[in-house]
Amino acid sequence: MRSFAGRDILSLKDFERDEYYRVFEACDALAPHARNRRNTDLCADKTLVTAFYQPSTRTRLATEAAMHRLGGHVEGFSDAKMTRAGDYYQESIKDTVHMLEYYGDVIAMRHFQQGAPAEAAKFSSVPVINCGDGWGEHPTQVLTDLYTIKKELGRIDGLRILCVGDMRMRTMHSIGYAASQFDLELDLVFPPDMSPTAEWKAELEARNTRFHEVASVRDCIDKADVIYMEPVVQADYTKSRVDPADVKKGLTPAEYKVTRELLREKAKPGSIILHSLPRMDELPADVDDTRHARMWIEAFNGVVLRMALIALVLGKME
Ligand code: CP
C-alpha cells in the first residue's frame, strides 16, 4: 500500500480499496479521543492552515476540531475577501500557497473553482487536502460517509445506495469514484436539469461502477440500504457566495424528497439516511426522529475522519 505520509488528498479517483480500509482503521484508533473529549498530543508540533474561499460550517470546523483533538495548532481564513486573494489584487493560488506552505504543515482548502486544490498542490511543499472544489469533488465528506456506512451497517460491500439530488454535486462525483472500489450498486435520482455529466458517466463506466438512472425516489427506495441525499434547491457551487435573497425555499418536487411517510410506506426497515448538509425541504426535519437518520453521527465521524487523514498525511500514523 502507498504511504499516506506527505500525500495530497485531492480526489477519490486515485484511492484504492485497501487505502479506504487503512483510513478507517486510523479512524477507529483515534475515535476514543474524540468520543471521550480527551485530546491527544500526536500532532503537537504541527500546524494546520485552513484556506476556505467558499462558505462552510461542517468541513472547516470539523477539520479544525480534528487538529485541536490531535493537539496541533490551527490558523487560516474562512473569508477570502479579507485576504489579498479576495480583494483588489486577486492574488493567485500559486502566490497564496507559496506563503501558506511556510505558515503550516498541512493545508485544507475549499474553493469555488474546480481543480483549485490540485493547482495549490502543484506549488505546495506540504500536503493539500481538498475540502470541496466547485462542482469537482469532496473527498473528506465521502470518506466520512463511507466510514459512517461501515460503522452503522457493519460493511460496505453488497449494499445498494440510492443517491438523490443534484448529480453535478461534488459529493456525488466522489461517491461515484469510490463505488468502483467496492461491491456497491448506485441508483441515481435527479431532476433533468441536474443530470450527471456525460464525462462523469463515462468515467464511472470505465471504472465498472454499477449505476442506474431512476425517475423518482418512490421507484427505488424499497431496494436502498443507504439513502444518500443532496438538495435539488441548490446553490451555484462555482460562485464564492450566493446572496441568500436569491434563494428560493420549499420547492423540492416530490420525486426528490424523502419524507417520514415514504419511509414508513416503502423503505427497508434497516436502511439509513446520510445527508452531507445543509438541507432544504428535500429531507423534512421530522425524519430526524426516525430510526433511519444518521446525519448527526456523521458530524461526529467527520471529526474522526479528518483526525485520521491529518495524522496520516503528516506521517504521525503509518
Ligand atoms: N458537508 C459540507 O460540505 O458542509 P459544509 O458546506 O457546511 O462544509
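Both counts, for ligands and for their atoms, begin at 1 and track the order of listing. Because the structure is a prediction, the values reported are computed rather than measured.
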Problem set entry | Any donor-acceptor N/O pair, R306 side chain to G302 backbone, under 3.5 Å | yes
Tell me the protein heavy atom at minimum distance from [atom], and give that distance in Å.
{"atom": "atom 2 (C) of ligand 1", "answer": "T59 OG1, 3.5 Å"}
{"atom": "atom 6 (O) of ligand 1", "answer": "R110 NH1, 2.8 Å"}
{"atom": "atom 1 (N) of ligand 1", "answer": "S276 O, 2.8 Å"}
{"atom": "atom 7 (O) of ligand 1", "answer": "T57 N, 2.7 Å"}

For this session: Return yes if a side-chain donor-acceptor contact under 3.5 Å exists between S125 and E101, otherwise no.
Result: yes
Problem set entry | Contacting atoms of ligand 1, where contact means under 4.0 angstrom from a heavy atom of L277 | 1 (N), 2 (C), 4 (O)
Problem set entry | Option whose closest heavy atom lies nearest to atom 3 (O) of ligand 1, chosen from R170, Q141, H138 | H138
For this session: Out of M169, Q54, R58, indicate the one that has the non-hydrogen atom closest to atom 4 (O) of ligand 1.
Result: R58
Exercise. Under a single-linkage rule joining Ile, Leu, Val, Met, Phe, Trp and Tyr whose side-chain heavy atoms are separated by less than 4.5 Å, which residues share a cluster with Y89?
Worked result: Y88
For this session: State the OG1-CZ distance between T197 and R168, to the nearest 0.5 angstrom.
Result: 10.5 Å
Problem set entry | T171 and ligand 1 - part of the residue with a heavy-atom distance under 4.0 Å | neither
For this session: Flag the pair D183 and R155 as a salt bridge only when some basic side-chain nitrogen lies within less than 4.0 angstrom of an acidic carboxylate oxygen.
Result: no
In residues 30-38, what donor-acceptor pairs under 3.5 Å come from side-chain atoms, sequence neighbours left out?
from	atom 1	to	atom 2	distance (Å)
H33	ND1	R38	O	3.1
N36	ND2	P32	O	3.1

